[in-house]
2 protein chains.
Amino acid sequence: MQKPLDRRTLLKLMGAVGAAAVFRPGLAQAQTPTADQVVAGKDPRLLVLSSRPVVLETPLELLGRLPTPKEFLFVRSNVDYPGGNTTAPLPVQNWQVRLEGLVQTPLTLSLEELKSLPQVEVEMVHQCSGNGRSFFQPRPSGNPWQHGGMGQVRWKGVPLKLLLERAGVRPEARYVTGVAAVEGDMRPFEKSVPLADVLETAVLAVEMNGEPVPAIHGGPVRLVLPGYFGVNNVKWLVAVRLEEKESTNPFQAPSYRIPFRASQTLPIQPGSTYDFTYENSRPNWRQNVKSVVLAPASGAQVRGFVRVEGLAWNDGLAPLAAVEVSWDGGRTWRQAELEKPASPYAYWRFRAVLALPRGEHTLLVRATDELGRSQPLNGNIYWNPRGYEWNGVDRVKVTVV
Amino acid sequence: MQKPLDRRTLLKLMGAVGAAAVFRPGLAQAQTPTADQVVAGKDPRLLVLSSRPVVLETPLELLGRLPTPKEFLFVRSNVDYPGGNTTAPLPVQNWQVRLEGLVQTPLTLSLEELKSLPQVEVEMVHQCSGNGRSFFQPRPSGNPWQHGGMGQVRWKGVPLKLLLERAGVRPEARYVTGVAAVEGDMRPFEKSVPLADVLETAVLAVEMNGEPVPAIHGGPVRLVLPGYFGVNNVKWLVAVRLEEKESTNPFQAPSYRIPFRASQTLPIQPGSTYDFTYENSRPNWRQNVKSVVLAPASGAQVRGFVRVEGLAWNDGLAPLAAVEVSWDGGRTWRQAELEKPASPYAYWRFRAVLALPRGEHTLLVRATDELGRSQPLNGNIYWNPRGYEWNGVDRVKVTVV
């Protein structure tokens, strides 16, 4: 999988080292920082894809523990919150969240008020839009995620619905826009999702895995949208705005968008360019059906039976119907055993035991849900310029000796 | 599959008989008319689901011949064209089609002009939106289609794009609206589809299977949209209008719509009611992935190997990846052999030969395309009040003796 570094990557890495040097002045310039050097409290085995803004990938071998411990959880920040590169709480006081826009009565709630309201918990897959980007050909721009831009997190907080019942929603409201705090030279960050879609599920989270939400993961308050890609779960939340239309923030468009297939005759050609507008594209909102093999590792040598294990999930709109394994290139598929998820939005663990003859085999794994949504055999068919939403059938090479 | 008739069905059938009596005055009132009595030139084996407007279903055993002969092709009319209940051409003169709305130069073309322009041919699946409706539970209202609201047709005519190049499209144009002729007491009929989606594929058809388009199938000119459900292929076409929005004709909304899942947290519950608006629903435009077993017939007794044959298709956006058969309730799936379709919009024939032990078996068949779109194991998950777009995994019981 290793390729020689091209000049662009090299320059990027040098930039990353420079950034790390700012807060780790003792570090030698020529050395890439480790994850724990980039974010205090992270496991050093995480891969540093970028250190300004912080992007850390969880290696495949750390993905199996659920919920994902904060030390292991991937990071994809589009902006860095000053002093926020830590798994400890953000060192701030008097945090407030506004409820504004198309409401009858705008509200402002302190962190203490949010904590004093009735709380709900939801355990869910938390995944970067670009997770799996490296498998697209040609390689789209952006962080070269393999499998580890994901994890499973247990959030706790106040249901958005409860706050909306207090504030009163005006009938024209169609979108919920999360607004992140701006400190120092941070770029303003907003993301919008359809109100009807998230009304029953959105949470203003104040805890992650039983602790205050870590600074690096958007504490003290993060908007949490089960079933949605991570970017929509706005960190460092200071406002929730109801609107008739999607936000005009550049993270809503042109960033984080997919060519809009519903009004296109064919998916766009791999490698083509695309001039994203609100009209010709959709935001990458809901996670698609996907499965990832955790074991055997690709290239593994196995004696006796082959035990295939991994994680599968979708957007929580319907249960998975099956995870299937093929060892003959997709001619035959056999159902794996499925373990019920912690919630409709969480991973389903799967396991299959195969008796295969000696030699090299490529295992294919695909998930299908009760809506008949499945994974493409060749994920590249969904190639898009930003490399979002990879969900191709996972392939693992294994040699039976 | 036979159930006793309820009172409502009985009254409907009596209505059908009454209607038939209008144009077949010699027919005894108590007798249901046969398809050839309802539409001159149709095979009498077609099932008469309604005779005003005409609705005829093709029995499963007649679906295998491709392209579907005009004698066998299903009929679903929402309105009856006076004198149009025949597979002969419509007895009219001086037919004209207007190109209007958001164009630079409106055009009016005679049938002769249309025939003199460059022609293209497309062979495609032609399917009623309600095909398979009978398999939804509870039974939605509407014609009780089983499998035979479909066929494959070879259309020939003028590409819409050629006419639009002449007329010049104004940049605000988003939808193409087909407008049907109104004669006698016909209700005005219009349907709209996204311009970007059909620009390269729409045809103003003047021939069907090598002959003038039969009156009952919308001749002399029918708008043909490969990949789309039949209702969008407007019969007796007199105008194509470019617009910024969908038509306000009642066949565009509230009829022929699906609850809009993209902004719903969950599919609606089977049996629930729904107040369709443009905002909370989508038109049923593109055909979904589907497969139908032609043989063995359900309930068949088979000696030796079981030969499974049928048809599979999608909306033509991507090739099918596989048609798979299971004989163990979906635990194991085996690929059938696929025959390349006549066009991206046509049926793929599939065949599989299974060696099964003696006894009763339920065969499951599902198609999946290269986009990873597949069929739900339980099609009822897509229940909707009008019973559109059934594409559940097909099931056939067979006894090996």
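Note on naming: letters A, B, ... go to the chains in the order of the sequence lines (proteins, then strands), and numbering restarts at 1 for each one.
Contact annotation: the side chain of A:W333 never approaches that of B:T332 to less than 4.5 Å [non-hydrogen atoms, C-beta and beyond].
Put simply, of A:P376, A:G372, A:A322, A:A336, the one with the most heavy-atom pairs under 4.5 Å next to chain B is A:G372.
Of the charged side-chain nitrogens involved, at least one lies within less than 4.0 Å of a carboxylate oxygen, so that B:R366 and A:E324 count as a salt-bridged pair. No salt bridge links B:R331 with A:E337; every basic N to acidic carboxylate O contact stays at or beyond 4.0 Å.
Applying the salt bridge (charged side-chain N to carboxylate O under 4.0 Å, His left out) rule to A:D369 yields the partners A:R373; only residues at least two apart in sequence or on another chain are considered. Judged as a side chain to side chain donor-acceptor pair (under 3.5 Å), and not counting sequence neighbours, the contacts of A:S291 are A:Q375.
Only the side chain of B:A321 comes within less than 4.5 Å of a heavy atom in chain A; its backbone stays farther off.
Judged by distance alone, the side chain of B:E370 and the main-chain N or O of A:I381 form no donor-acceptor pair under 3.5 Å.
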